[in-house]
Amino acid sequence: MNTIRHDFRSDTVTRPSAGMRAAMNAAEVGDDVFGDDPTVNLLEQKMAGLLKKEAALFVPSGTMSNLLALMSHCGRGDEFIAGQKAHLYVNEAGGAAVLGSIQPQPISHQADGTMALDDIEDAIKPDDSHYARTRVIALENTFGGRVLPMDYMLAVADIAQRRGLGLHLDGARAFNASVKLGVDIAAFTAPFDTVSICLSKGLGAPVGSVLIGRQDLIDTARRHRKMLGGGLRQSGILAAAGLYALEHNVARLADDHRRAKRLAEGLGRHSALKVSAPETNILWVDADSSIAERFDAYMAEKGIGVIGRYGQQRWVTHLDVTDEDVEGALALVDAFFAN
Ligand SMILES: *Cc1c(COP(=O)(O)O)cnc(C)c1O
C-alpha cells in the first residue's frame, strides 16, 4: 500500500482545519431531536436564508439528503426522473427504490451533460392506471464538475411547473457552480422546490449535508430523517463546522477551480493524455491505452491519488490541495514522460 502524498481523489478527503476544529469545540449544543440544539438551528436558518427558501434540515450525508427529498416529493409507487448518470440514481445504492418504494425513470445525457427537454417531457407519464405517477424531476449541478447553465435549469423548471411536478436539485457542489458563474446561491437555486448541498466536500466540513426548500417538504423530510435513523442529538458540534465552512470556505472555491485549470494545462502538455477543460474543481484525464497501465502504476507508486483505472482518471482539487501539491504532481507526471 503506497501512501498518498498528493490527494486528488475527492473533495471529501479534506480534514477540518484548526479554525474549524476550534469552532466545533466551542459549539453550544442541545438535543436536536427535541429541536434544542442552537447551533443546528442556526445552521438551518442560515442555509434557508442564504437560499431564500422557507426551511432547511441538517442531515448526516448527501445520500440521505437526496433520499429524503425524493421521499418528500414522492409516495410509494411514485416515480422520479433523473439523469442516467445522476448520483442519486447510480451512486446511492438504490435507496429510493429500497427505502422509499420509489421508481426511477432514468434519462440519457446529451454530450453537454444535460437531459434533452423533449426526453424529459416524453418520460412524464400520463394519468393512467398502467403507470407510476411521475412526481419530481431531479437535476444535478455541478454534474461531474460541469456547470449546467442557468437557462437550462429554468427550462426544466418550466416543464415541471406546466406538468405539475416537483423539482429537486442535487447541489452537492452547488457552491462551486455559484462561485464559477458569479451567480448568488439564492438565484442559482431559485427554480427548485428542494436543494441538497454537501458541507463535507469542497466546503471542508467533516460531516453533513443540508436539505433546503419548501416548509411542507422539509417537515416531511424531518419525519423521514428520524425514520431512517438520521435524527442526531448534540449535532451542533458538526453543524458548527458547517457554519464555519459557510463563512470561510465558499469564496475560496475559486482557488480550487484555478488549481484544476493549472493541472489541466500541465497534464495537457503530454500528448498521451487527453484532458478535459475543467469548469470547476474536477478534471477528467484519459491516458492513451499504450501507457494507461504503466501510468496508473506510476501514479500509485509516486503517491498521486486519483480515482479511476485503466488510465481513465478523475482529479479533484479541494481545500487540502495546495499550489505545491499541484506543481509537485505535475513534476512527477513530467518525469514519467521524460523517461
Ligand atoms: C457526494 C455526492 C452526493 C452524496 O454525498 P454523500 O455525503 O457522500 O452521501 C450526492 N450527489 C453528488 C453529486 C455528490 O457528488
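When a ligand or atom number is given, it counts from 1 through the structure's own listing order. Residue numbers run from 1 in the order of the sequence given.
Relative ring orientation between Phe8 and Trp315 is described as tilted, the plane-to-plane angle lying within the 30° to 60° band. The aromatic rings of Phe143 and His109 lie parallel to each other, with less than 30° between the two planes, well short of the 60° mark.
Under a 4.0 Å criterion applied to the non-hydrogen atoms of Asn66, ligand 1 contributes the atoms 10 (C), 11 (N). The ligand atoms of ligand 1 that sit less than 4.0 angstrom from a heavy atom of Cys198 are 5 (O). Taking every non-hydrogen atom of Ser61 and a distance limit under 4.0 Å, the qualifying atoms of ligand 1 come out as 7 (O), 9 (O).
When non-hydrogen atoms are compared, ligand 1 lies under 4.0 Å from neither the backbone nor the side chain of Met64. The part of Asp170 lying near ligand 1 is the side chain, judged by heavy-atom distances below 4.0 Å.
With salt bridges taken as basic N to acidic carboxylate O contacts below 4.0 Å, one links Arg225 and Asp32. Lys85 and Glu140 are not joined by a salt bridge, as no carboxylate oxygen comes within less than 4.0 angstrom of a charged side-chain nitrogen. Using a 4.0 Å cut-off between charged side-chain N and carboxylate O, Arg269 and Asp334 make a salt bridge. Classification of Arg223 and Asp219 as a salt-bridged pair fails, no side-chain N sitting under 4.0 Å from a carboxylate O.
At under 3.5 Å, a nitrogen or oxygen of Arg173, whether backbone or side chain, sits near a nitrogen or oxygen of ligand 1. At a 3.5 angstrom cut-off on N or O pairs, Ser209 does not count as close to ligand 1. Of the polar atoms of Ala172, none of the N or O atoms is found under 3.5 Å from an N or O of ligand 1, judged by distance alone.
Protein heavy atom closest to atom 9 (O) of ligand 1, with residue, atom name and distance, is Thr63 OG1, 2.6 Å. In terms of protein heavy-atom proximity, atom 5 (O) of ligand 1 is closest to Gly62 CA, 3.4 Å.
In this structure, Lys201 counts as a contact residue of ligand 1, since one of its heavy atoms falls inside 4.0 Å of the ligand.
Looking only at atom types and distance, the side chain of Asn281 has no donor-acceptor partner in the side chain of His318 under 3.5 Å away.
When the options Ile137, Asn66, Leu165, Leu88 are evaluated for a side chain to side chain contact (heavy atoms under 4.5 Å, CB included) with Phe80, the one that passes is Leu88.
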